[in-house]
Amino acid sequence: MRKKIIAANWKMNMTVSETAGFLEDFRLDIEDVNGVEIVIAPPFTALAKLSELLGGSQKIRLGAQNMYFEMSGAFTGEISPAMLRELFVRYVILGHSERRQIFGETDALINKKVHAALASELKPILCVGETLAERDAGKEKQVLETQLKGSLAGVTAEQMLDVVVAYEPVWAIGTGRNASPEQAQDAHAHVRAVLAALTNAETADKVRIQYGGSVKPANAAVILSQPDIDGALVGGAALEPRSFSEIVKAAVPQ
Ligand code: 13P
């Protein structure tokens with residue numbers, strides 16, 4: 001059984017004081033929740049504060065939204081794996097479509113980051129997903145395969161167990177237009193098949209694959225009930241404690 005993982009990607013939102021306010025309310029909302037892994041990935045400026053407030057919480061894990069692959073040095077504006085480790089960060093989102101599209105990240109760069117994360121005992125949440133034009137051209141499976149093979153090159157079967165893949169169709173991000181449960185399941189099954197080809201079926205069966213793209217309380221349960229959907233990576237709906245906690249509750253094992 002794959003434990004469901006629900007992660008908040010706050011993107012470029014939430015100041016330090018807003019983060020503290022969120023956590024106070026969110027913690028009360030999820031007091032009785034068990035059996036779900038919860039991750040919050042705030043902006044870098046709020047990581048230290050959130051780390052301090054969480055105090056090594058087993059219930060809510062800390063995530064980062066990006067990092068560079070070098071440990072230190074002359075890389076203005078970048079954050080290293082060592083800096084994240086010191087704050088007890090467990091997960092790091094890598095290759096988000098906004099990083100790929102706005103900041104020009106390639107699969108080759110993302111691959112270096114994946115290896116750097118694994119070497120520092122940070123678990124990558126590797127994002128993959130097709131654009132609307134690619135889906136309309138019937139190329140979504142090919143795109144997923146290229147992104148997965150490029151980003152995960154050289155990752156061993158054992159290391160793959162520490163990787164979470166997030167399938168985020170670009171056309172569903174922040175648009176209010178989510179993939180239908182069937183479209184999402186179909187893509188997730190394909191991701192798992194590619195992971196099996198990269199490693200083996202037994203390993204691929206254990207890797208968690210999250211869906212991301214306009215997940216909200218109203219659609220979370222049906223999305224999360226699909227056989228190959230093991231969690232959600234939530235943007236907009238994770239900025240408000242009540243709506244994020246409702247999504248988390250939809251992932252509780254029945
Ligand atoms: P939304 O939930 O706002 O569509 O964002 C999804 C996303 O990109 C999470 O990483």
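The first residue in the sequence is number 1, and the count goes up from there. Read the numbers this way: they start at 1 and go in the same order the structure lists the ligands and their atoms. Quick caveat: nothing in here was measured; it's all calculated off a predicted structure.
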Between D107 and Q147, does a side chain to side chain donor-acceptor pair (under 3.5 Å) hold up when you go through it step by step?
-> CA-CA 6 Å; D107 287 324; Q147 291 178 344; 5.4 Å; no
Hey, is ligand 1 close enough to G212 that some N/O pair sits below 3.5 Å?
-> no
Got a donor-acceptor contact below 3.5 angstrom from the Q65 side chain to the P42 backbone?
-> yes
Any atoms of ligand 1 less than 4.0 Å from a non-hydrogen atom of G236? List them with their elements.
-> 1 (P), 2 (O), 3 (O)
Kindly compute the distance separating CZ (F22) from CE (M14), expressed to the nearest 0.5 Å.
-> 5.5 Å
Say you draw a straight line from CG of L23 to CG of L54; how long is it, rounded to the nearest 0.5 Å?
-> 5.5 Å
Min N/O separation I173 to ligand 1 under 3.5 Å | no
Atom CH2 in W10, atom CG in L50: separation rounded to 0.5 Å?
-> 6.0 Å
When you look at E168 and H96, which way does the side chain to side chain donor-acceptor pair (under 3.5 Å) test go after all the steps?
-> CA-CA 8 Å; E168 298 206 314; H96 190 278; 2.9 Å; yes
Result of checking I229, D186, L224, V222 against P181 for side-chain contact (heavy atoms from CB on, under 4.5 Å) | V222
Taking only heavy atoms of G213 into account, list the atoms of ligand 1 that are under 4.0 Å away from them.
-> 4 (O), 6 (C)
Residue part near ligand 1, for C127, under 4.0 Å between non-hydrogen atoms | neither
Within 4.0 Å of some non-hydrogen atom of N9, the atoms of ligand 1 are 9 (C), 10 (O)
Could you tell me whether some N/O pair between H96 and ligand 1 is separated by less than 3.5 angstrom?
-> yes
Among G174, A7, G235, A166, the residue with a heavy atom nearest to atom 4 (O) of ligand 1 is G174
Please indicate whether any nitrogen or oxygen in T175 is less than 3.5 Å from any nitrogen or oxygen in ligand 1.
-> no
How far does CZ of R192 sit from CD of Q185, to the nearest 0.5 angstrom?
-> 8.5 Å
Under 4.0 Å from one or more heavy atoms of E168, ligand 1 contributes atoms 6 (C), 7 (C), 8 (O), 9 (C), 10 (O)
Assess K11 for proximity to ligand 1: is some non-hydrogen atom of it under 4.0 Å away?
-> yes
Run the numbers for me: atoms of ligand 1, each under 4.0 Å from some heavy atom of A172, listed by number.
-> 4 (O)
